[in-house]
Amino acid sequence: MNLTLDLMIMSGVDDGQVLNFATESGDGLMGDDNWTITLGRREGNDVCLRNDTYASRYHARLSWQDRRWWLEDCTSKNGTYIEGATEDVRVEGTIALEPGQLFRIGRTWLRIQAAGLAES
C-alpha cells in the first residue's frame with residue numbers, strides 16, 4: 001500500500017507551506033494496518049513546529065487507518081483543536097478528520113489537502 005499526504009500549514013511563519021509525505025519515501029511510521037505522522041515542536045517529528053512555543057514536543061499524531069485520517073492529541077499541554085461551527089473544539093482521544101478540515105496544534109492551524117490524499 002502506497003499512501004501520500006499533503007499537509008498545508010495555514011498560519012504562523014510557515015503559512016502556506018505544503019508538506020508532502022509518502023509511505024514509499026519512508027515518511028512516518030508504517031504499522032500493520034496504519035500509517036502515522038507525528039506533529040510537535042521537537043526535531044524528529046514528521047511535522048516539526050519549532051517556531052510555535054505553544055506546541056508540545058510531541059503534540060499530536062495523524063494516522064491513516066480504516067481508509068480515513070484520525071487525529072489524536074498526545075496529552076499536550078495546550079491541547080489539539082478542530083475548527084467548529086461557532087468555536088474551536090478540543091480533541092479528546094482520537095477523532096476522525098476529513099480532508100480540508102482545519103485543526104490546530106499549539107497556535108498553528110493545519111489542513112489535510114484533499115487533492116494530496118491518494119492510495120494506490
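Along the sequence shown, the residues carry numbers beginning at 1.
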Kindly state each residue pair satisfying ring pair (Phe, Tyr, Trp, His ring centres under 6.0 Å) with at least one member in [range], sequence neighbours excluded.
range           : answer
residues 85-108 : none
residues 4-50   : W35-W69
residues 36-62  : none

Partner residues of [X] under the side-chain contact (heavy atoms from CB on, under 4.5 Å) criterion, sequence neighbours left out:
X    : answer
E98  : R68, Q101
R111 : M8, M10, L102, Q113
C48  : E43, R50
S11  : T108, W109

Look only at the side chain of T23 and the backbone of L3, and say whether a donor-acceptor pair between them is shorter than 3.5 Å. yes

So, N78 side chain and G106 main chain: donor-acceptor pair closer than 3.5 Å or not? no

Taking only residues two or more places apart in sequence, or in another chain, which ones meet D27 in a side chain to side chain donor-acceptor pair (under 3.5 Å)?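 Once residues adjacent in sequence are excluded, D27 has no partner under the side chain to side chain donor-acceptor pair (under 3.5 Å) criterion.
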
Would you compute the distance between atom [atom1] of [X] and atom [atom2] of [Y] and round it to the nearest 0.5 angstrom?
X    : Y   : atom1 : atom2 : answer
T4   : W64 : OG1   : CH2   : 9.5 Å
L39  : S56 : CG    : OG    : 12.0 Å
R61  : T80 : CZ    : OG1   : 10.5 Å
N45  : R57 : CG    : CZ    : 11.0 Å
I105 : L62 : CD1   : CG    : 7.5 Å
D46  : T38 : CG    : OG1   : 4.0 Å

With [X] via salt bridge (charged side-chain N to carboxylate O under 4.0 Å, His left out) - residues at least two apart:
X   : answer
E92 : none
R42 : none
R41 : none

How close do S63 and T36 get, counting heavy atoms only, and between which atoms? OG-OG1, 3.2 Å

Tell me if the CZ atom of R90 is crowded by more than 12 foreign heavy atoms within 6.0 Å. yes

Single-linkage hydrophobic cluster [X]~[Y], side-chain heavy atoms < 4.5 angstrom:
X    : Y   : value
V47  : W70 : no
L110 : V89 : yes
Y81  : L71 : no

Extract all donor-acceptor atom pairs below 3.5 Å that involve side chains of residues 12-20 and protein atoms in other chains or at least two apart in sequence.
residue	atom	partner	partner atom	Å
N20	ND2	D6	OD1	2.7

